Amino acid sequence: MALSFVSILFCSSLILRASGTPLPTSSKCCHLLDSEFRGGEKVVYPQTSEYGILNTYFAPTSQQSPSCIFTPSDTSDISRAIKLFTRHSCKFAIRSGGHHYNAGWASINNGILLSLSNLNKVVYNPSSQSVFVESGNRWRKVYNTVEPYGRTVVGAQNSDVGVGGYLLNGGISFLADQYGWAVDNVREFEIVVADGRVLKANKYQNRALFRALKGGSSNFGVVTGFTLDTVESKLATGAYVEYPASSYDALINAAYQYCVKGEDSKSQVLFITWLTVKNGAVAVKDAISWIYTDVMDVANLPKALAPFTDGKIPSSLVQILGRNQTMGSHGHDLTQIQHPGVRTNRQTISIIPDIQLLKQLQRVLVKTAEQYKTIPGFTTDLIFQPIGKQWIAAGNAKGGNSMGLTEPVIILWVQPHWASAKDDEIIAEFVTKVITQFEKIAKDAGKLSNFEYLNYAGPKQGLMEGYGAESIRRLQSVKRVYDPKNVFGTLLPGGPKVPGLY
Ligand SMILES: Cc1cc2nc3c(=O)[nH]c(=O)nc-3n(C[C@H](O)[C@H](O)[C@H](O)COP(=O)(O)OP(=O)(O)OC[C@H]3O[C@@H](n4cnc5c(N)ncnc54)[C@H](O)[C@@H]3O)c2cc1C
Ligand SMILES: *[C@@H]1O[C@H](CO)[C@@H](O)[C@H](O)[C@H]1NC(C)=O
């Protein structure tokens with residue numbers, strides 16, 4: 001069976017060559033993969049139902065059309081495939097959970113999509129209180145595995161998010177101010193590097209690679225598994241609060257104080273501006289969502305959170321979400337509000353906290369949105385996420401990472417929604433227009449940080465440039481050791497790249 005399949009492929013390529021039309025390299029590569037894996041079910045072609053399932057993304061805007069999808073069962077399959085890709089110059093993309101919004105990062109046209117969805121083992125080790133997680137998992141299974149032991153992981157806020165991309169680009173969790181970036185809590189990476197070797201990187205073996213991978217994205221290989229620290233599981237309570245326009249100045253002042261004080265590592269606050277279009281006009285709503293990651297009494301809020309709900313700043317809606325729930329349970333609740341299948345994109349910058357700047361950015365967003373309000377289904381949000389000194393210190397205490405942050409910043413991102421594929425380009429233009437103005441205003445005020453959080457970054461941003469010179473030098477030297485021919489730069493076209501290399 002396998003043999004005849006291969007010989008059919010041979011014939012078809014001969015016929016194509018004889019008629020003067022060379023077979024596209026990507027289809028040739030799919031056929032080579034097919035014969036390497038003996039025509040089994042591991043290579044999936046277009047027009048099959050499995051292809052449709054494997055090629056579905058959280059945001060439909062990030063979907064592309066791979067020539068075939070390769071679904072390895074284990075690390076050794078991946079090692080064989082990477083050797084084949086290198087030998088035959090096959091282009092590919094790596095996909096874990098498919099949650100990144102950027103088309104061409106975990107998706108590809110005219111190339112092979114390496115889908116990690118069958119790498120879904122999760123094994124808790126009670127004696128070391130660590131959990132081994134294969135890259136193709138979603139956070140839900142990790143929370144569900146460890147929480148019965150009274151432990152939890154520093155993982156995604158929404159439990160449907162994929163493990164692989166989230167971790168390799170940093171990872172923001174509700175526990176960040178206590179434990180740093182999610183990736184700071186990796187004890188060991190298992191990775192297939194460019195020459196097909198399977199390596200372990202931890203604080204004893206391949207140490208420079210270990211650090212580089214913490215924010216190193218897809219530059220160094222296919223990461224197949226992570227051994228993660230677990231932490232004590234505590235019961236958390238969250239809330240969503242809306243404010244009338246008359247409270248805005250006081251809210252921003254309190255937001256600024258919250259960011260610069262960074263006094264309570266168990267609390268986390270997001271500041272949100274929602275823009276919608278009502279009766280042909282842009283409507284602005286100011287809100288926050290906060291979470292406190294330990295048991296507390298809502299009638300007597302912790303000091304850091306009190307200013308937002310003690311009534312001194314009048315609010316128009318206070319909704320307590322998830323009383324005394326585990327991280328996994330909060331993560332599950334978020335999957336009920338953040339729905340897949342909606343057209344969306346996103347770009348980010350980071351700024352040094354500043355009251356005037358925060359206010360100015362909102363005004364620019366509203367003004368720019370005016371020009372796009374007639375686009376069907378158009379809404380957008382602007383979110384501020386503070387990264388405090390405790391967060392950065394927690395990462396440094398665990399050996400440091402590639403992100404290069406030394407001072408507190410506010411990460412902000414703009415994320416529109418709209419109805420129709422025909423408006424994809426114009427909305428991409430809207431976000432670029434907003435972010436370009438943000439950058440200029442922040443820069444002129446001396447408050448622009450170069451950091452761009454990769455999980456929220458747009459496809460054409462500065463990306464890893466923002467990690468800073470020292471981090472880039474380290475990444476470059478690790479790259480020379482583990483991927484000297486830049487396989488993960490040239491054959492893997494999508495995703496952020498270590499700058500200034502070749
Ligand atoms: C609903 C929703 C909620 C979110 N919540 C959070 C949140 O709480 N905190 C947060 O920080 N982010 C959040 N994000 C953003 C999220 O972190 C990113 O989209 C992240 O990249 C998703 O991981 P993934 O495995 O699904 O990535 P994919 O889309 O599969 O991949 C993203 C990138 O990582 C690369 N990559 C993936 N796996 C590997 C691997 N094993 N080896 C090498 N390269 C790999 C891909 O090639 C691609 O460039 C959220 C996104 C959504 C849609
Ligand atoms: C959580 O549980 C504690 C202890 O039982 C209780 O005092 C507290 O009020 C609860 N929190 C919420 C938000 O219900």
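Both counts, for ligands and for their atoms, begin at 1 and track the order of listing. On a predicted model such as this, the values are computed, not experimentally measured, just so you know.
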- [ ] Quickly, which of Asp184, Asn185, Asp229 forms a side-chain hydrogen bond (donor to acceptor under 3.5 Å, both in side chains) with Lys398? Name it, please.
- [x] Asn185
- [ ] State yes or no: are the ring centers of Phe189 and Phe226 separated by less than 6.0 Å?
- [x] yes
Task: atom 38 (N) of ligand 1 - nearest protein heavy atom and its distance - done: Ser96 OG, 2.7 Å
Open item on the list: For the NZ atom on Lys497, are there more than 12 heavy atoms of other groups (residues, nucleotides or ligands in this structure) within a distance under 6.0 Å?
Closed with: yes
Open item on the list: Heavy atoms only: which of Leu114, Leu168, Asp160, Ile172 lies closest to atom 40 (C) of ligand 1?
Closed with: Leu168
Open item on the list: Students should be able to answer this: which protein heavy-atom is nearest to atom 8 (O) of ligand 1, and at what distance?
Closed with: Gln157 OE1, 2.8 Å
TODO: Decide yes or no on salt bridge (Lys or Arg N to Asp or Glu O under 4.0 Å) for Asp424 and Arg343, but give the supporting numbers first.
DONE: CA-CA 8 Å; Asp424 288 2; Arg343 303 201 85 73; 2.8 Å; yes
Open item on the list: Show me which atoms of ligand 1 lie under 4.0 Å from any heavy atom of Tyr453.
Closed with: 10 (C), 11 (O)
Open item on the list: Going by the closest heavy atom to atom 51 (C) of ligand 1, which one wins out of Glu190, Arg346, Gln415?
Closed with: Arg346
TODO: Give the residue, atom name and distance (to 0.1 Å) of the protein heavy atom nearest atom 49 (O) of ligand 1.
DONE: Trp105 CB, 3.5 Å
Open item on the list: Can you tell me how the ring of Trp274 sits relative to the ring of Tyr240, calling it parallel under 30°, perpendicular over 60° and tilted otherwise?
Closed with: tilted
TODO: Write out the residue and atom name of the closest protein heavy atom to atom 29 (O) of ligand 1, then the distance separating them to 0.1 Å.
DONE: His100 N, 2.9 Å
List of N/O pairs, ligand 2 versus protein, all under 3.5 Å?
unit_1   : atom_1 : unit_2 : atom_2 : d
ligand 2 : 2 (O)  : Asn324 : ND2    : 2.3
ligand 2 : 11 (N) : Met296 : O      : 3.2
ligand 2 : 11 (N) : Asn324 : ND2    : 3.1
ligand 2 : 14 (O) : Arg323 : NH1    : 3.4

Task: Aromatic plane relationship, Phe451 with Tyr453 - under 30° parallel, 30 to 60° tilted, over 60° perpendicular - done: parallel
TODO: Answer with yes or no whether Gly98 contacts ligand 1, where contact means a heavy atom under 4.0 Å from a ligand atom.
DONE: yes
Open item on the list: Nearest non-hydrogen contact with atom 15 (C) of ligand 1 belongs to which option: Tyr456, Phe226, Tyr166?
Closed with: Tyr456
- [ ] Please report which non-hydrogen protein atom sits nearest to atom 27 (O) of ligand 1, along with the residue it belongs to and the distance in Å to one decimal place.
- [x] Gly165 CA, 3.6 Å
Task: Sub-4.0 Å atoms of ligand 1 with respect to non-hydrogen atoms of Ser135 - done: 41 (N)
Open item on the list: Please list, in number order, the atoms of ligand 1 under 4.0 Å from a heavy atom of Arg95.
Closed with: 30 (O)
Open item on the list: Tell me if the centroids of the rings in Phe174 and Tyr179 come within less than 6.0 Å of each other.
Closed with: no
- [ ] With heavy atoms of Gly171 as the reference, note each atom of ligand 1 found under 4.0 Å away.
- [x] 11 (O)
Task: Nearest-option assignment for atom 53 (C) of ligand 1, heavy atoms, candidates Phe189, Phe174, Phe58 - done: Phe58
- [ ] Flag the pair Leu501 / Arg480 as yes when at least one side-chain heavy-atom distance between them is below 4.5 Å, and no otherwise.
- [x] yes
Open item on the list: How far is atom 5 (N) of ligand 1 from the closest protein heavy atom, and which atom is that?
Closed with: Val161 CG2, 3.7 Å
Open item on the list: How far is atom 47 (O) of ligand 1 from the closest protein heavy atom, and which atom is that?
Closed with: Ile94 O, 2.7 Å
TODO: Report, in ascending order of atom number, the atoms of ligand 1 lying under 4.0 Å from any heavy atom of Gly97.
DONE: 24 (P), 25 (O), 26 (O), 30 (O)
Open item on the list: Need the ligand 1 atom indices (1-based, order shown) with element for anything under 4.0 Å from a heavy-atom of Asn158.
Closed with: 1 (C), 3 (C)
TODO: State, with a plain yes or no, whether a side-chain heavy atom of Thr273 is found less than 4.5 Å away from one of Leu361.
DONE: no
Task: Min side-chain heavy-atom separation Thr326-Thr152 under 4.5 Å - done: no
Task: Short N or O distance, Leu116 and ligand 1, threshold 3.5 Å exclusive - done: no
Task: Candidates Phe58, Trp139, Tyr57 - the one meeting ring-ring contact (aromatic ring centres under 6.0 Å, His included) with His99 - done: Phe58
Open item on the list: Tell me whether the count of non-hydrogen atoms from other residues, nucleotides or ligands lying under 6.0 Å of CD in Gln336 goes above 12.
Closed with: yes
Open item on the list: Tell me if the CD atom of Gln338 is crowded by more than 12 foreign heavy atoms within 6.0 Å.
Closed with: yes
TODO: Applying side-chain hydrogen bond (donor to acceptor under 3.5 Å, both in side chains), run through Thr348 and Glu452 and close with a yes or a no.
DONE: CA-CA 6 Å; Thr348 181; Glu452 290 175 357; over 6 Å; no
Task: Ligand-residue contact atoms, ligand 1 with Gly221, heavy atoms, under 4.0 Å - done: 42 (N), 43 (C)
Open item on the list: Quick one, Leu116 and Leu114 - any side-chain contact, counting heavy atoms below 4.5 Å?
Closed with: yes
Task: Interfacing atoms of ligand 1 (cut-off 4.0 Å, heavy-atom, Tyr101) - done: 53 (C)
Task: Which residue and heavy atom of the protein sit nearest atom 52 (C) of ligand 1, plus the separation - done: His99 CD2, 3.7 Å
Task: Separation of Arg95 CZ from Ser62 OG (nearest 0.5 Å) - done: 8.0 Å
TODO: Assign the ring pair Phe308 / Tyr258 to parallel, tilted or perpendicular, where the plane angle (0 to 90°) is split at 30° and 60°.
DONE: perpendicular
